[in-house]
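Here is the structure we will look at.
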2 protein chains.
Amino acid sequence: MPRDEEDVRQLVERLGVGLRDAGVRVTHQRLEIFREVAKSGGHPDVETVFRGVRKRVPTVSLDTVYRALWLFTDLGLITTLSLPRERLRFDANMKPHHHFVCTKCGMASDFYSEELDHLRLPGSVRDLGVVQKMQVEVRGLCRDCAEGTDPTQRTQRKEEEL
Amino acid sequence: MPRDEEDVRQLVERLGVGLRDAGVRVTHQRLEIFREVAKSGGHPDVETVFRGVRKRVPTVSLDTVYRALWLFTDLGLITTLSLPRERLRFDANMKPHHHFVCTKCGMASDFYSEELDHLRLPGSVRDLGVVQKMQVEVRGLCRDCAEGTDPTQRTQRKEEEL
DNA sequence: CTACATGCAAAGGGTTTGCACGACA
DNA sequence: TGTCGTGCAAACCCTTTGCATGTAG
């Protein structure tokens with residue numbers, strides 16, 4: 001699900017502000033790396049971001065992508081999505097949202113629900129610590145995997161992109 | 001939070017049944033590897049399991065631990081817990097539960113809530129696919145990290161064990 | 001007894017790091 | 001212009017794999 005071009009521009013602009021506020025430099029590479037994450041509405045892994053950025057910035061190196069993505073994460077400008085047996089993914093969607101992850105192909109979609117954003121947690125959680133964030137994670141079979149193929153398989157594949 | 005010894009025995013026994021049902025062999029190593037996961041109420045990573053098992057089975061090798069843990073996972077006898085910037089962890093708790101994860105030290109606790117077990121999901125999820133499982137993931141600062149120390153730090157450390 | 005599991009060691013692959021050059025502020 | 005970021009390549013892990021040996025069924 002690619003994101004609207006105007007939205008992407010806004011997001012990139014907001015990143016610039018975030019970087020400046022944090023006192024780090026706003027470089028061409030950082031903007032393009034972020035744009036790549038923001039552009040795909042999905043949750044690209046490092047490799048996917050790298051390949052995407054390289055189309056526009058052929059000299060960019062993989063370790064720069066790593067450093068930029070972790071920088072954004074540490075500054076709270078993007079978030080991460082970690083799935084067993086898969087590479088770490090990055091997410092520019094900072095609005096409250098929840099995840100549906102396909103256990104077969106690994107596809108991860110965001111979904112929204114005002115109700116789930118404001119769940120009341122049981123008292124026992126208060127004893128564990130201070131809550132910062134709360135998300136519902138749903139696992140299941142995506143439409144494509146649910147139909148046609150054998151649901152007992154357990155292969156997990158990351159989204160392929162040129 | 002270590003688990004009660006009798007509970008552990010029951011869990012290990014149930015694993016034996018699971019393995020037999022799946023038509024794979026019930027070996028000493030597999031039982032001990034599982035016991036190590038079941039014993040710690042926590043969510044040990046591969047290395048932690050390995051070190052624990054080696055105390056009782058000094059000849060066990062790391063790759064056997066890997067193979068066993070993935071086997072159990074594939075058979076649905078344990079589950080995994082994946083956190084950004086951390087090693088994958090394993091969880092013998094197959095009862096419905098939810099997670100509280102400390103963003104600073106990485107500590108992960110289970111908590112329970114009948115209400116959260118039966119959340120009603122928004123209609124948009126139906127369009128994404130077929131739901132198999134649903135879990136709430138809470139991020140925050142655990143009691144130890146919340147008090148005394150600077151909450152702006154972002155260090156993540158895995159639970160240390162001999 | 002036979003097939004499957006284990007241990008060992010080596011290969012594999014993703015991620016991080018050190019350093020000199022380059023570019024933002 | 002000085003400092004921070006980048007690119008390159010090597011180092012570092014963690015994880016997986018191939019193969020001979022051991023063992024559960």
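So you know, we letter chains A, B, ... as the sequences are listed, proteins then strands, and number each from 1.
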Exercise. With sugar-phosphate meaning primed atoms plus P, OP1 and OP2, does R30(A) contact a base, only sugar-phosphate, or nothing at under 4.0 Å between heavy atoms?
Worked result: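 The answer is sugar-phosphate, as R30(A) gets under 4.0 Å only of primed atoms, P, OP1 or OP2.
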Would you tell me if any nitrogen or oxygen in the side chain of [X] comes within less than 4.0 Å of OP1 or OP2 on [N]?
| X | N | answer |
| --- | --- | --- |
| S61(B) | dG7(C) | yes |
| Q29(B) | dA24(D) | no |
| T27(A) | dC4(D) | no |
| W70(B) | dT16(D) | yes |

Quickly work out the [X] [atom1] to [N] [atom2] distance and round it to whole Å.
| X | N | atom1 | atom2 | answer |
| --- | --- | --- | --- | --- |
| D45(A) | dG14(C) | CG | P | 10 Å |
| L88(B) | dT15(D) | CG | C1' | 11 Å |
| L62(B) | dC13(D) | CG | C1' | 12 Å |
| R54(B) | dG7(C) | CZ | C1' | 13 Å |
| D21(B) | dG25(D) | CG | P | 13 Å |
| R20(A) | dA25(C) | CZ | P | 7 Å |
| R85(A) | dG13(C) | CZ | P | 17 Å |
| D63(A) | dA9(D) | CG | C1' | 9 Å |

Problem set entry | Residue R56(B) excluded, over 12 heavy atoms near CZ under 6.0 Å |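 More than 12 within 6.0 Å, yes.
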Problem set entry | Side-chain donor or acceptor of T73(A) paired with backbone N/O of L69(A) under 3.5 Å |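 Such a contact is found between T73(A) side chain and L69(A) backbone.
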Exercise. What pairs of residues pass the salt bridge (Lys or Arg N to Asp or Glu O under 4.0 Å) test when at least one of them lies in residues 7-24 of chain A, not counting sequence neighbours?
Worked result: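 Non-adjacent pairs meeting salt bridge (Lys or Arg N to Asp or Glu O under 4.0 Å): E5(A)-R9(A), E6(A)-R9(A).
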For this session: Name the residue closer to the 5' end of DNA chain C, choosing between H28(A) and V57(B) according to the nucleotide with the nearest heavy atom.
Result: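 Per heavy-atom nearest nucleotide, the more 5' residue is V57(B).
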Exercise. If you check every side-chain atom of V24(A), which of dT15(D), dG5(D), dT17(D) has the closest atom?
Worked result: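 For the V24(A) side chain, the nearest candidate turns out to be dG5(D).
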For this session: Choose from dG25(D), dT16(D), dC8(D) the nucleotide whose nearest atom is closest to any side-chain atom of R25(B).
Result: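 For the R25(B) side chain, the nearest candidate turns out to be dG25(D).
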Exercise. Quick one: do the D45(A) and T48(A) side chains pair a donor with an acceptor below 3.5 Å?
Worked result: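 Judged by distance alone, the side chains do pair up.
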Exercise. Under 4.0 Å between a Lys/Arg side-chain N and an Asp/Glu carboxylate O for R30(B) and E32(B)?
Worked result: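 Salt bridge between R30(B) and E32(B), a charged N being under 4.0 Å from a carboxylate O: no.
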Exercise. So does R87(A) reach the base of dG13(C) with its side chain, donor to acceptor, closer than 3.5 Å?
Worked result: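 In this structure, the two groups form no donor-acceptor pair.
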